[in-house]
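What follows is one structure encoded as structure tokens, with my remarks underneath.
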Amino acid sequence: MADEVPSLAESKLTALVVDDNFVNQTMHHKLLDRLGIKNDVVCNGQEAVDVHCSGRNYDLILMDMEMPILNGIQATKRLREMGIESKIAGVTTRANEGDKKEFMEAGLNDFQEKPLTISKLLSILHRLDFHVQTYTMGSIADAANKEVNGTASEKRPAVIFVLGGPGSGKGTQCAYIVDHFGYTHLSAGDLLRAEIKSGSENGTMIQNMIKEGKIVPSEVTIKLLQKAIQENGNDKFLIDGFPRNEENRAAFEKVTGIEPKFVLFFDCPEEEMERRLLGRNQGREDDNIETIRKRFKVFLESSLPVIQYYEAKGKVRKIHAAKPIEDVFQEVKAVFSPEAEKVKRKQ
Ligand SMILES: Nc1ncnc2c1ncn2[C@@H]1O[C@H](COP(=O)(O)OP(=O)(O)O)[C@@H](O)[C@H]1O
Ligand SMILES: Nc1ccn([C@@H]2O[C@H](COP(=O)(O)OP(=O)(O)O)[C@@H](O)[C@H]2O)c(=O)n1
């Protein structure tokens with residue numbers, strides 16, 4: 001499965017680590033390595049300038065601030081004066097607002113506090129528009145598995161993915177399915193929103209991505225889903241709003257070993273979804289026309305291919321979702337009922 005997803009190593013993304021501390025050098029080098037990003041390490045700002053003078057160039061520079069000879073602010077300024085267009089992310093410990101401002105004004109594209117973690121690095125890459133869909137699946141699997149105590153692969157529940165555009169009625173219909181057929185509903189969006197509220201270290205990154213209608217790195221979402229599955233006594237789950245792109249899909253399968261029983265797809269025209277979202281009134285930051293349009297675009301470009309993937313495997317159960325709620329549920333019931341009947345007959 002890992003081979004189906006191109007790795008960053010294949011995309012030839014390169015990075016330079018600029019840090020005078022050996023522990024940080026090693027850690028940053030290893031984190032980049034885990035994501036398949038080829039990287040070099042230098043010990044201070046002067047060495048970063050020298051390496052560029054010798055003709056080397058990098059897509060990304062992770063720049064420490066306090067360093068001997070030439071510090072991060074001076075080095076960033078110098079590199080920009082030299083016309084270096086690499087994305088530079090300042091990675092510092094306890095910078096005060098003044099330092100941070102000066103560092104940003106020197107020519108940074110992004111800023112992150114140490115210690116750098118895999119999640120923080122992923123969020124830097126996302127913000128800088130490097131294509132995170134192309135992470136090596138091995139590294140995502142490792143990261144997710146290491147950060148969760150026990151994996152969902154220890155428990156192999158029945159899973160149904162519930163997909164459809166924003167506002168197609170996924171959450172509404174899931175509530176009915178839970179009532180009638182005893183599934184537990186896990187909404188990826190709700191789990192992400194709860195993570196923001198919990199004040200976790202990923203909160204700000206998740207909030208920014210949701211505001212932009214972008215897809216949060218799989219590692220983060222899968223960890224939340226695994227935890228929710230593990231903590232729940234039920235053995236059958238509706239996973240709503242996931243997988244939203246190819247990376248979500250492949251990483252979930254790889255990490256959990258779970259294949260969905262089938263995929264419930266709510267098919268609804270955009271005008272109807274837009275009307276519903278604008279009237280949803282749940283105080284969601286992303287239910288505004290600008291973000292809604294971005295979410296529609298992401299759905300068409302990234303989520304539909306996932307539905308097509310499952311269609312080719314004969315796993316999609318398409319529901320015509322532009323009807324009144326009760327009518328939609330009649331169609332949903334027909335998908336679930338044969339299964340419910342089978343259970344009844346066995347009893
Ligand atoms: N079949 C329907 N007809 C009209 N409104 C609907 C229908 N299904 C859901 N809604 C409303 O549309 C909005 C979006 O539905 P929701 O279930 O939250 O969608 P999703 O989870 O797919 O984003 C909600 O306000 C909901 O009450
Ligand atoms: N698998 C997922 C699900 C949601 N999300 C984020 O959460 C937002 C809201 O998702 P949602 O499923 O709650 O809502 P809808 O957009 O379906 O109405 C998405 O636009 C994404 O920014 C994600 O990144 N990855």
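Numbering of ligands and ligand atoms starts at 1, following listing order.
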Considering the heavy atoms of [X], write down every atom of ligand 2 situated less than 4.0 Å from one of them.
X    : answer
G167 : 18 (O)
G241 : 1 (N), 2 (C), 3 (C)
F242 : 1 (N)
V216 : 23 (C), 24 (O)
I215 : 24 (O), 25 (N)

Problem set entry | Enclosure of K114 NZ (heavy-atom neighbours >12, cutoff 6.0 Å) | yes

For this session: Kindly check if the number of other-residue, nucleotide or ligand heavy atoms within 6.0 Å of CD (Q308) is above 12?
Result: yes

Cationic N near anionic O, under 4.0 Å, [X] to [Y]:
X    : Y    : answer
E274 : R293 : yes
E253 : R249 : yes
K227 : E231 : yes
K315 : E311 : no
K77  : E105 : no

For this session: Please check if any side-chain donor atom of H320 sits under 3.5 Å from a side-chain acceptor atom of D267, or the reverse.
Result: no

Exercise. Under 6.0 Å between the ring centres of F329 and H180?
Worked result: yes

Exercise. With a 6.0 Å cut-off on ring centres, are Y183 and F336 close enough?
Worked result: yes

Answer side chain, backbone, both or neither: which part of [X] comes under 4.0 Å from ligand 2, heavy atoms only.
X    : result
E285 : neither
D286 : side chain
N248 : side chain
R193 : side chain
R284 : side chain

For this session: Sequence neighbours left out, what passes side chain to side chain donor-acceptor pair (under 3.5 Å) with D40? Give chain and number order.
Result: R56, Y58

For this session: For atom 5 (N) of ligand 2, grab the closest protein heavy atom and report residue, atom and distance to one decimal in Å.
Result: L192 CD1, 3.4 Å

For this session: Examine ligand 2 and decide if any of its atoms is less than 4.0 Å from a heavy atom belonging to K294.
Result: no

Ligand 1: which protein N/O atoms lie under 3.5 Å from its N/O atoms?
from     : atom 1 : to   : atom 2 : distance (Å)
ligand 1 : 1 (N)  : R276 : NH2    : 3.3
ligand 1 : 1 (N)  : K323 : O      : 2.7
ligand 1 : 1 (N)  : I325 : N      : 3.4
ligand 1 : 3 (N)  : R276 : NH2    : 3.4
ligand 1 : 17 (O) : G171 : N      : 3.3
ligand 1 : 17 (O) : T172 : N      : 2.8
ligand 1 : 17 (O) : T172 : OG1    : 2.5
ligand 1 : 18 (O) : R280 : NH1    : 2.8
ligand 1 : 19 (O) : G169 : N      : 3.3
ligand 1 : 21 (O) : G171 : N      : 2.9
ligand 1 : 22 (O) : S168 : N      : 3.3
ligand 1 : 22 (O) : G169 : N      : 3.1
ligand 1 : 22 (O) : K170 : N      : 2.9
ligand 1 : 22 (O) : K170 : NZ     : 2.9
ligand 1 : 23 (O) : G167 : N      : 3.0
ligand 1 : 23 (O) : R280 : NH1    : 3.0

Seminar exercise, completed: Restricting to heavy atoms, the pick from R295, K170, R244 nearest atom 11 (P) of ligand 2 would be R244

For this session: List the atom of I69, the atom of Q74, and the distance in Å for their closest heavy-atom pair.
Result: O-OE1, 4.2 Å

